Amino acid sequence: MAERWMNTALLVIDMQNDFIEEGSVMQVKGGKAIVPNVIRVVELARQRGILVVWVVREHDPKGRDVEIFRRHHYSSEKVGPTVKGTIGAKLVDGLNIREEEDYKIVKTRFSAFFGTHLHSFLQTSGVTKLVIAGVQTPNCIRQTVFDAVELDYPDVTVIVDATAAATPEIHSANIMDMKNIGVKTPTLHEWSEEFA
């Protein structure tokens, strides 16, 4: 059984307070609802020896590494979203990095592959299969998935109810686009059944 998951990594994307908690300018409306499912996906991955990779945004306090369309959030006296070292950049309650087992990638754009060493890390770790959870579907999830497909990862899975967007309609449309390029899109229940 463990051999079946040997070359698999779980990418948990942007499950940080500023993307999940109410009141943040970056809050993904559907994010809070998926937290229990993301916790469960991480538990299942760890039970089976799947490498857990935490993909997070951590920005410069002045917003110098932020996309142009978001820079206005960093121009006032108020601290901008996901600034390194702030509460907003921390993982939501219930999700924790295990320093000795897990791996953390910091990104400043949508895709976990863009401007990071994720691909080389996965290659040297022998990873050929990716499972993806987190927020948000049309941006960071979708960009990461499309880059993974373009990089020829032969097996990419998005857990549909452990990912979310601002609305169910946006989420569903993007899931359909990913499914149309060969990405697997099981529910958490369906994915957990693969472990049985």
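Everything quoted here is computed from the prediction, not taken from an experiment. Index from 1, following the sequence.
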Are [X] and [Y] joined in one hydrophobic group, where the rule is that I, L, V, M, F, W and Y side chains link up if heavy atoms are under 4.5 Å apart?
X    : Y    : value
I141 : L91  : no
I13  : V28  : no
V156 : V12  : no
L122 : W54  : no
F121 : L130 : yes

Kindly indicate whether the side chain of [X], heavy atoms from C-beta on, has any atom under 4.5 Å from the side chain of [Y].
X    : Y    : value
Y103 : V52  : no
V53  : V55  : yes
L51  : T8   : no
R64  : R71  : no
T137 : M178 : yes
V183 : T157 : no
W191 : V131 : yes
I34  : D161 : no

Set of salt bridge (Lys or Arg N to Asp or Glu O under 4.0 Å) partners for [X], sequence neighbours left out:
X    : answer
R98  : E101
R70  : E67
D18  : none
K184 : D155

Measuring from atom [atom1] of [X] to atom [atom2] of [Y], what distance do you get when rounded to the nearest 0.5 angstrom?
X    : Y    : atom1 : atom2 : answer
S125 : M6   : OG    : CE    : 11.5 Å
D147 : L118 : CG    : CG    : 10.0 Å
Q136 : I170 : CD    : CD1   : 7.0 Å
N180 : T185 : CG    : OG1   : 9.5 Å
S192 : N37  : OG    : CG    : 10.0 Å
N17  : T82  : CG    : OG1   : 11.0 Å

Answer yes or no: is there a donor N or O on one side and an acceptor on the other, between the side chain of R109 and the main chain of F114, under 3.5 Å?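 Pair absent, no side-chain N/O of R109 close to backbone of F114.
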Would the distance check show the side chain of Q143 and the main-chain N or O of S111 forming a donor-acceptor pair, the cut-off being under 3.5 Å?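 No, Q143 side chain to S111 backbone: no donor-acceptor pair under 3.5 Å.
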Apply side-chain contact (heavy atoms from CB on, under 4.5 Å) to [X] and list each qualifying residue two or more places apart in sequence or on a separate chain.
X   : result
K84 : E58
K29 : Q27
D93 : none
N96 : none

Could you walk me through whether E21 and K32 pass salt bridge (Lys or Arg N to Asp or Glu O under 4.0 Å), step by step? CA-CA 7 Å; E21 298 300 335; K32 192 82 167 172; 2.7 Å; yes
Minimum heavy-atom distance between [X] and [Y], given as atom pair plus value:
X    : Y    : value
L10  : I50  : N-CG2, 3.6 Å
A164 : G30  : CB-O, 3.3 Å
A112 : I105 : O-CG2, 4.2 Å
G31  : V135 : CA-CG1, 4.1 Å
M15  : L95  : CB-CD1, 3.6 Å
N7   : G126 : ND2-O, 2.8 Å

Audit row: E99, I97, side chain to side chain contact (heavy atoms under 4.5 Å, CB included) steps and yes/no: CA-CA 6 Å; E99 300 290 339; I97 298 173; 4.2 Å; yes
With sequence neighbours excluded, give me every ring-ring contact (aromatic ring centres under 6.0 Å, His included) pair touching residues 7-26.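 Listed by first then second residue: nothing to list.
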Any ring-ring contact (aromatic ring centres under 6.0 Å, His included) pairs touching residues 124-157, not counting sequence neighbours?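 Residue pairs with at least one partner in residues 124-157: F113-Y153, H119-Y153.
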With sequence neighbours excluded, tell me which residues meet side-chain hydrogen bond (donor to acceptor under 3.5 Å, both in side chains) with K179.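 None.
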Residue that, paired with K107, satisfies side chain to side chain donor-acceptor pair (under 3.5 Å) out of T144, D65, D14: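 Going through T144, D65, D14 one by one, the side chain to side chain donor-acceptor pair (under 3.5 Å) with K107 is satisfied by D14 alone.
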Decide side chain to side chain contact (heavy atoms under 4.5 Å, CB included) for I132 and I159; before the verdict, give the C-alpha distance in whole Å, the side-chain angles of both, and the deciding distance to 0.1 Å. CA-CA 6 Å; I132 297 172; I159 310 293; over 6 Å; no
Can you list the other members of the hydrophobic cluster that holds V83, where links are side-chain heavy atoms under 4.5 angstrom apart?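 Answer for V83: V66, Y74, V79.
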